[in-house]
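Reading through the structure tokens given below for one structure.
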Protein chains: 2
Amino acid sequence: MIKLSKMTDYAVVILAEMATRDGQLLSAAGLASHTRLPEPTVSKILKLLTKNMIISSKRGINGGYSLVKAPAEIDMASVITALDGPIALAACVEASPECCDYADNCKIKGHWNPVNIAMQQALERVSLAQMINNKGCPNE
Amino acid sequence: MIKLSKMTDYAVVILAEMATRDGQLLSAAGLASHTRLPEPTVSKILKLLTKNMIISSKRGINGGYSLVKAPAEIDMASVITALDGPIALAACVEASPECCDYADNCKIKGHWNPVNIAMQQALERVSLAQMINNKGCPNE
DNA sequence: ATAAAGTGTACTTTTGTAGTACGGATTTGA
DNA sequence: TCAAATCCGTACTACAAAAGTACACTTTAT
């Protein structure tokens, strides 16, 4: 299975929680208890989201985190890139400094690129708002 | 990074090698030496590809593997599914028997589904032939 | 019957993720 | 100005999944 890291999964849960309290400044501890996720993990995720400008932070007493964009403007490609790095299926992509070790024998040099681009575009089309509005568990 | 397993990467290299010798019956050992990949690994991959009807095998002396479809008819979604299982980004998808442990607090229950479908479709549109024809290393 | 080839299972090693811990920096308010 | 609450950064440990390896079994042509 092409896996998304758990961290990214958690990140979306946290962002969804923040979206329902738009404008409020929320502490890491508060978000952890609301989402029932371990606090250190939540902190780590919030830090990464902050570094990637998806949320903003305020330090000191009464500090906390808040969304900088509307949920409809936050796309999944940004969130995944923030947590897992660039969206790429294989090591052998355009960004890598050189061809892989098997370059001479490899008949598909760097050609995951079209696939990677297609996936990137697919993820850019899904917003946080869309994921929240899509209600209910499909198994119920 | 959203990772594809190395096995899948190898699988495409092996299939590309087979495509250039269309019709020939090739042994696991032969494919291993042509691709410079470890032989046991190549065997494991060929076995999985056979089970998923992407290639066919012939046993006994002078046996080997061959493609059952033209390279243009082999899509990446099939190859990835053969090696890594169903294409799905998160554990919390339609196929899973129940909602995740955080179901009660989770505001995005099972909503990676639209993303998964978009990715599946993107991968179905890329054929083995396309990946082979796309020549040269982008860094050269 | 034997050798060459695919098949299946189980084990070991390696790698990367997830989780944890702790000390530091920043801001507010008394 | 001090203390408390909060964010920030780094390093370490534990666990799980992937990758690689080994080996015994089955099939088939000669």
Side-chain angles (χ1 to χ4, degrees), chain A residues 1-11 13-14 18 24-33 35-66 68 80 82-85 88-91 100-102, chain B residues 1-11 13-14 18 24-33 35-68 80 82-86 88-91 100-102:
Chain A
M1 176 149 64
I2 299 178
K3 261 174 303 197
L4 202 62
S5 68
K6 271 194 193 175
M7 300 298 259
T8 307
D9 209 341
Y10 295 165
V13 174
I14 293 167
M18 293 178 79
Q24 288 183 46
L25 218 53
L26 300 156
S27 69
L31 283 166
S33 72
T35 57
R36 303 278 183 92
L37 296 171
E39 210 238 281
T41 301
V42 171
S43 282
K44 194 192 272 185
I45 292 165
L46 290 167
K47 205 185 309 173
L48 283 169
L49 291 172
T50 303
K51 187 182 288 180
N52 286 269
M53 321 272 277
I54 292 165
I55 60 179
S56 66
S57 65
K58 181 164 183 291
R59 292 172 81 141
I61 193 169
N62 295 332
Y65 297 92
S66 60
V68 293
I80 291 170
L83 275 289
D84 286 344
L89 281 182
C100 63
D101 299 343
Y102 305 105
Chain B
M1 175 147 68
I2 298 179
K3 261 175 303 197
L4 202 61
S5 68
K6 272 192 192 175
M7 300 299 260
T8 306
D9 210 340
Y10 296 165
V13 174
I14 293 167
M18 294 179 78
Q24 288 182 46
L25 216 54
L26 300 157
S27 70
L31 283 166
S33 72
T35 56
R36 305 277 181 94
L37 296 171
E39 209 239 280
T41 302
V42 171
S43 282
K44 195 192 270 184
I45 292 165
L46 289 168
K47 207 184 307 173
L48 283 168
L49 291 172
T50 303
K51 189 182 286 177
N52 286 269
M53 322 271 277
I54 292 164
I55 60 180
S56 67
S57 66
K58 183 165 180 293
R59 292 171 81 142
I61 192 168
N62 295 331
Y65 297 93
S66 60
L67 294 179
V68 293
I80 292 170
L83 282 123
D84 287 344
L89 281 181
C100 63
D101 299 342
Y102 304 106

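Below, chain A is the first sequence line, B the second, and so on; all start at residue 1. All values below were derived from every heavy atom in this structure, side-chain atoms included, with hydrogens, water molecules and symmetry-related copies excluded. As the structure is a prediction and not an experimental result, all values here were calculated from the model.
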(message) Can you build the contact string for nucleotides 3-12 of chain D? Use B for base contact, S for sugar-phosphate-only contact, and - for no protein heavy atom under 4.0 Å.
(response) --BBBSBB--
(request) Write out all pairs satisfying side chain to side chain donor-acceptor pair (under 3.5 Å) with one or both partners inside residues 52-65 of chain A, taking only residues at least two apart or from two chains. (result) Ser56(A)-Ser66(A)
(request) Applying side chain to side chain contact (heavy atoms under 4.5 Å, CB included), name anything that partners Leu26(B), two or more places apart in sequence or on another chain. (result) Met18(B), Arg21(B), Gln24(B), Leu31(B)
(request) Starting from C1' on dT27(C), measure out to CG on Leu25(A) and report it in whole angstrom. (result) 12 Å
Quick test: give all pairs of protein nitrogen or oxygen and nucleotides 14-16 of chain D nitrogen or oxygen below 3.5 Å, distance rounded to 0.1 Å.
none

(request) Give a yes/no answer on whether the side chain of Tyr10(B) brings an N or O atom under 4.0 Å of OP1 or OP2 in dG20(D). (result) yes
(request) Return the value, rounded to whole Å, for the distance between atom CG of Leu49(B) and atom P of dG8(C). (result) 14 Å
(request) Could you grab the distance from atom OH of Tyr10(B) to atom CG of Leu83(B), nearest 0.5 Å is fine? (result) 12.0 Å
(request) Would you mind reading off the distance between Met7(B) atom CE and dA17(D) atom P, rounded to a whole angstrom? (result) 16 Å
(message) Rounded to whole Å, how long is the line connecting atom CG of Asp9(B) with atom P of dG20(D)?
(response) 11 Å
(request) Grab the two heavy atoms, one from Ser33(A) and one from Gly30(A), that are nearest each other, plus how far apart they are. (result) OG-O, 3.0 Å
(message) To the nearest 0.5 Å, what is the distance between CD1 on Ile45(A) and OG1 on Thr50(A)?
(response) 11.5 Å
(request) Specify the separation, in whole Å, of atom CD1 of Ile14(B) and atom P of dG6(C). (result) 12 Å
(request) Search all heavy atoms of Ile55(B) against all heavy atoms of Val68(B) and return the closest pair with its distance. (result) C-CG1, 3.9 Å
(request) Could you pull out all residues at least two apart from Ser43(B) that satisfy side chain to side chain contact (heavy atoms under 4.5 Å, CB included)? (result) Ala28(B), Glu39(B)
(request) Might you point out which heavy atoms bring Ala82(B) and Leu49(B) nearest each other, and give the distance in Å? (result) CB-CD2, 4.5 Å
(request) To the nearest Å, give me how far apart CD (Glu39(A)) and C1' (dA21(C)) are. (result) 12 Å
